[in-house]
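Structure first, then comments.
Heavy-atom basis, side chains included; hydrogens, waters and symmetry copies ignored. For reference, positions follow the sequence shown, starting with 1.
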Amino acid sequence: FVFSTALCGPYRPLYLKQTDKKRLSNFCCAIIVRGQPRGGPPPERQINLSNIRAGALARRAAQGQPDSKDTPDEPWAFQAREFLRKKLIGKEVCFTVEYKNMHREYGMVYLGKDTTGENIAESLVSEGLATVRREGFRGNNPEQARLCDLEDQSKASKKGLWSEGGGAQTIRNIKYTIENPRNFVDSLHQKPINAIIEHVRDGSVVRALLLPDYYLVTVMLSGIKCPTFKREGDGTETPEPFAAEARFFTESRLLQRDVQIILESCPNQIILGTILHPNGNITELLLKEGFARCVDWSMAVYTQGAEKLRAAERSAKERKVRIWKDYVAPTANLDQKDRQFVAKVMQVVNADAMVVKLNSGEYKTIHLSSIRPPRNEGEKNKDKDKRFRPLYDIPYMFEAREFLRKKLIGKKVNVTVDYIRAATGPGEGTPAFPERTCATVTIGGINIAEALVSKGLATVIRYRQDDDQRSSHYDELLAAEARAIKNGKGLHSKKEVPIHRVADISGETQKAKQFLPFLQRAGRSEAVVEYVFSGSRLKLYMPKETCLITFLLAGIECPRSSRNTPGGVQVAEPFSDEAMLFTKELVLQREVEVEVESMDKAGNFIGWLHIEGVNLSVALVENALSKVHFTAERSAYYKTLVAAEEGCRQRKEKVWANYEEKPVEEVVHLSEEKERVANYKPVYVTEITDTLHFYAQDVETGSQLENLMETMRAEIAAQPPVEGSYSPRRGDYCIAKFADGEWYRARVEKVESPAKVHVFYIDYGNREVVSSTRLAPIPPAFSTRTLPVQATEYTFAFIQVPQDEDARADVVDCVVRDIQNSQCLLNVEYSGATCPHVTIQFGDTKDDVGLGLVKEGLVMVDVRKEKHLQKMVTEYLNSQESAKSARLNIWRYGDFRADDADEFGYSR
């Protein structure tokens, strides 16, 4: 860019201003021009029109100077500025520089590419909008002489400044402040109003003169934000990247142009609006060219369609222009087939996540983008004796889950992945989260997340402005939430929250017994499958009865899944996983009908389950994933089951793969004919209970336990757990500090309160009530997977414990004295309802401990009918007769059982 007194051009006027030359009243017109941009905004150049002066425009009092006052327009000053603005702004001009004074350039400006164009100074004088400075004229200057002639003609015609009346009517009443900006904006009802852009602070903030009332207001463009100029402590401004370019982009299109502005909102005294120009919408242009980014907080008030702004921003991101030059899309690393696909919904995990099945057969968990499910705002569980169940205890969680379940389960949906949320580790007060695939899920053109939010069953997550990991339909979600809040839907309702009193009678034997006749009389009852434990074991929600039950499929024998037992992890049977997957795909979270026939001793209901006319028991047998159980003979479905089984058996499919035709011989019946097997193994007795059950450790694994405890305690000593940081839950494995100050592995059995937690020491069999401050999470290296539970529960075979409390206490004291904390020999004789029944011998003498109790008259004999046990039973009965004859202990008053008297505290 060359400064020269010769002709320079072409240039375009950027804006007009008036300059105070002598700090008094001699004002001259100034025109700011710029050349063509080359790799950035071109520098500004100010040309002052020589030989003329015009009136001064109004000026606001200096901020921070109490003595300063607002200066009004001089007569015809605004009209002079408007004359030049309409004639020059955005047009091509050329100029000559006649002289310089104090770094200012004075000269002539011509409209067009050369000096043959209209002389702007002459036009101003001829219209009576400027006066000629006659002092210092040189007589031989034709240009100055022409200006004088034009001024004389203007005076004669009484134009502008020379008109009668002094021009008071040309002085504007400028309003620099608005008393109540919000009311002012609301009063305009979002109608376009005419305006002139007076100043551009940055690409998205302008100062506008509203016509015809001359309000001078600062307007921020709704929905976007451009890079800004940061003011430093010394008063200088530091531009953010592309701030100058963005400002030039807006200046070159809007500065001192006639526009229309829609004032849309006024949050926190900030006026938001949209500027409409005949050539387009500057808001969209800034986004499209990469000079601005969308902002959520003001996007909601944008009246010209938020989707247009998002589309413009998306276009700039894809082209990586300006502020997006280093942009990487959230799904840039995904193949197209992984970004957008069709899948079948198999399970709704909670109110914002679901498991889908891809066409490839793979299962994938999808989270709905940018929404948050209902949360518990207050205490998580006010009733400390009641287990917290998020689905039923968090307000509107059940309604949200049911909405998704009824809309989606078993249906095919369109999934568009918006972003992948990286896995996060646990922080202070925040849990760890695995990697999440967040997507927009639609069915029949309906955005499921938007529908959920519009019903008030979820809320929209707010993000940092630079966080691009959000829903591709984020604005629709915000609009849906605004509607839900306005209409008081769901979470935003002022009404009392719905309460779901759902009784869980799974494993509650007494409650199940009371409920059984009702379900049997009901015939087919409606239910929803809440969980699938295995191919034939499910948890059902009964909507009419508002309860949860465990349901076992009748008539079939399904392969068992792996499970934890006191003796360790039981390995899964072949095809158990396939059977569970089959059941899940067919019935999980579906509405079904059940026929309850009976219940087992653990309180689980047994019966038939139907879904859309399909009997699940029959379906499992037909697919060779189950065998027919003999109990099915009594049912109406027996013939169907047998026919289905026969076909699979002939084809040797799955569970029948190793089938060979041979006579069926039950192992159980053979074992009854055999002699009793005495296979005593060494154990270490660690605990005796009041019911004469006892816990013992296998001596063979004793060294492993010692090594584990030693290593675990060393690790805990090196990194002690934070006291009180652990929140125990029933069934959790943990570590507990015993009275001796050492840590042991334990299982939580009951939580009364933080101060009263019932724990069971899994390697020793004893129980204790402790404070939660004495508990901590079990380190993974020392879990039951590393070493199974070491304390196994047993009870004595062939003996019956007296019901009288004193007599029972005598027996327990005797056994504690004889065998607790000592090594013995143990042999399992037969199984029981809760634990194996065993005979136990002293380690040194090999005497039978149980038989010794019978001989001392402390217990009675429990007569067993099995043939292979009769020799042992006879020996025990003979010893009992000897104790009776000697009137020992419980027999001191004779055979009390003959009286059949309950008041003695005994029963036969």
List the atom of Ala316, the atom of Trp324, and the distance in Å for their closest heavy-atom pair.
CB-CD1, 3.6 Å
Spacing of CD belonging to Glu612 relative to CD belonging to Glu591, to within rounding of 0.5 Å:
10.0 Å
Please determine whether the number of non-hydrogen atoms from other residues, nucleotides or ligands lying under 6.0 Å from atom NZ of Lys407 exceeds 12.
no
Can you confirm whether more than 12 heavy atoms, excluding those of Glu496, are under 6.0 Å from its CD atom?
no
Nearest non-hydrogen partners of Arg730 and Val751, listed with the distance
N-CG2, 4.3 Å
If I compare all heavy atoms of Pro728 with all of Val757, which pair ends up nearest, and what's the gap?
CG-CG2, 4.0 Å
Given side chains that start at C-beta, do those of Ser493 and Tyr396 come closer than 4.5 Å, heavy atoms only?
yes
Working to the nearest 0.5 Å, report the span between CD1 of Ile262 and OH of Tyr302.
8.5 Å
If the test is side chain to side chain contact (heavy atoms under 4.5 Å, CB included), which one of Leu552, Thr583, Val614, Val592 qualifies with Leu609?
Val592
According to the interplanar angle, ranging from 0 to 90°, do the rings of Phe398 and Tyr392 count as parallel (below 30°), tilted (30 to 60°) or perpendicular (above 60°)?
tilted
Apply side chain to side chain contact (heavy atoms under 4.5 Å, CB included) to residues Leu286 and Leu221 and explain how you reach the verdict.
CA-CA 10 Å; Leu286 285 165; Leu221 294 178; 3.8 Å; yes
With a 4.5 Å cut-off on side-chain heavy atoms, are Ile394 and Phe388 touching?
yes
Are any side-chain N or O atoms of Asn623 and backbone N or O atoms of Leu625, one a donor and one an acceptor, separated by less than 3.5 Å?
no
Under the side chain to side chain contact (heavy atoms under 4.5 Å, CB included) criterion, do Ser360 and Phe341 qualify, and how do the steps go?
CA-CA 11 Å; Ser360 62; Phe341 52 86; over 6 Å; no
Hey, does Ser525 have a side-chain heavy atom less than 4.5 Å from the side chain of Leu519?
yes
For Tyr531, does the OH atom have more than 12 heavy-atom neighbours from other residues, nucleotides or ligands under 6.0 Å away?
no
Heavy-atom pair of closest approach, residues Arg421 and Cys438:
CB-SG, 4.3 Å
Main chain of Val348, side chain of Arg405: is a donor-acceptor contact present, judged purely on distance under 3.5 Å?
no
When rounded to the nearest 0.5 Å, the distance separating NZ of Lys511 from CD of Gln514 is 9.0 Å
Give a yes or no on whether a salt bridge exists between Glu307 and Arg314, defined as a side-chain N under 4.0 angstrom from a carboxylate O.
no
Are the side chain of Ser617 and the backbone of Ala554 linked by a donor-acceptor contact shorter than 3.5 Å?
yes
Return the CG to CG distance between Leu548 and Leu540, rounded to the nearest 0.5 Å.
9.0 Å
Counting distance only, does the side-chain N/O of Asn487 pair as donor-acceptor with the main-chain N or O of Lys489 below 3.5 Å?
no
Using modelled atom types only, decide if a donor and an acceptor are shared between the side chain of Asn268 and the backbone of Ile270 within a distance under 3.5 Å.
no
For Ser471 and Ser370, work out which heavy atoms get closest and say how close.
N-OG, 2.7 Å
Give the intermediate values and the outcome of side chain to side chain donor-acceptor pair (under 3.5 Å) for residues Thr303 and Gln190.
CA-CA 9 Å; Thr303 56; Gln190 297 186 345; 5.3 Å; no
Asp296 with Arg310: basic N within carboxylate O range, under 4.0 Å:
yes
Might you confirm whether atom OH of Tyr463 has over 12 heavy atoms from other residues, nucleotides or ligands at distances under 6.0 Å?
yes
Whether the side chain of Glu526 engages the backbone of Lys544 through a donor-acceptor N/O pair (distance < 3.5 Å, no angle test) should be reported.
no
In the structure I gave you, are the side-chain heavy atoms of Phe184 and Leu263 within less than 4.5 Å of one another anywhere?
yes
Using a cut-off of 6.0 Å, state whether more than 12 heavy atoms not belonging to Gln520 lie near its atom CD.
yes
Donor-acceptor contact below 3.5 Å, side chain Gln469 vs main chain Ile420
yes
Heavy atoms of Ala351 and Ala400 approach each other most closely as CB-CB, 3.4 Å
Strictly distance-based, threshold 3.5 Å: is any side-chain N or O of Asp600 a donor or acceptor partner for the main-chain N or O of Gly603?
yes
Atom CD in Glu450, atom CD in Glu476: separation rounded to 0.5 Å?
6.0 Å
Run the salt bridge (charged side-chain N to carboxylate O under 4.0 Å, His left out) test on Glu481 and Arg462 for me, step by step, so that the C-alpha distance in whole Å, both residues' side-chain angles and the decisive distance to 0.1 Å come before the verdict.
CA-CA 12 Å; Glu481 185 176 53; Arg462 283 354 188 233; 2.7 Å; yes
Is there a side-chain contact between Arg293 and Lys317 (heavy atoms, below 4.5 Å)?
no
Count the heavy atoms of every other residue, nucleotide or ligand shown that sit under 6.0 Å from NZ of Lys364, and state whether that count exceeds 12.
no
Any carboxylate oxygen within less than 4.0 angstrom of a Lys/Arg side-chain nitrogen, looking at Glu399 and Lys455?
no
What is the distance from atom CG of Leu538 to atom CG of Leu588, rounded to the nearest 0.5 Å?
9.0 Å
Are more than 12 heavy atoms from other residues, nucleotides or ligands located less than 6.0 Å from atom CZ of Arg729?
no
Less than 4.5 Å apart, side chain to side chain, heavy atoms only: is that true for Val529 and Arg590?
no
Under the side chain to side chain contact (heavy atoms under 4.5 Å, CB included) criterion, do Cys294 and Leu287 qualify, and how do the steps go?
CA-CA 8 Å; Cys294 291; Leu287 285 170; 3.9 Å; yes
Would you check if the side chain of Arg470 reaches a backbone N or O of Asp418 as a donor-acceptor pair within less than 3.5 Å?
no
From the list Gln304, Glu284, Glu264, side chain to side chain donor-acceptor pair (under 3.5 Å) with Thr274 holds only for Glu264
After noting the C-alpha distance and the side-chain angles of Asp352 and Leu404, does the key distance pass the side chain to side chain contact (heavy atoms under 4.5 Å, CB included) rule?
CA-CA 9 Å; Asp352 73 332; Leu404 293 180; over 6 Å; no
Any side-chain to backbone donor/acceptor pair from Thr365 onto Val355? Under 3.5 Å, distance only.
no
More than 12 non-hydrogen atoms from neighbouring residues, nucleotides or ligands closer than 6.0 Å to CD on Gln260, yes or no?
yes
Any heavy-atom pair between the side chains of Val596 and Met599 that's under 4.5 Å?
no
Salt-bridge present (Arg401, Glu530; N to O < 4.0 Å):
yes
Tell me, do Leu408 and Met354 make a side-chain contact under 4.5 Å, heavy atoms counted?
yes
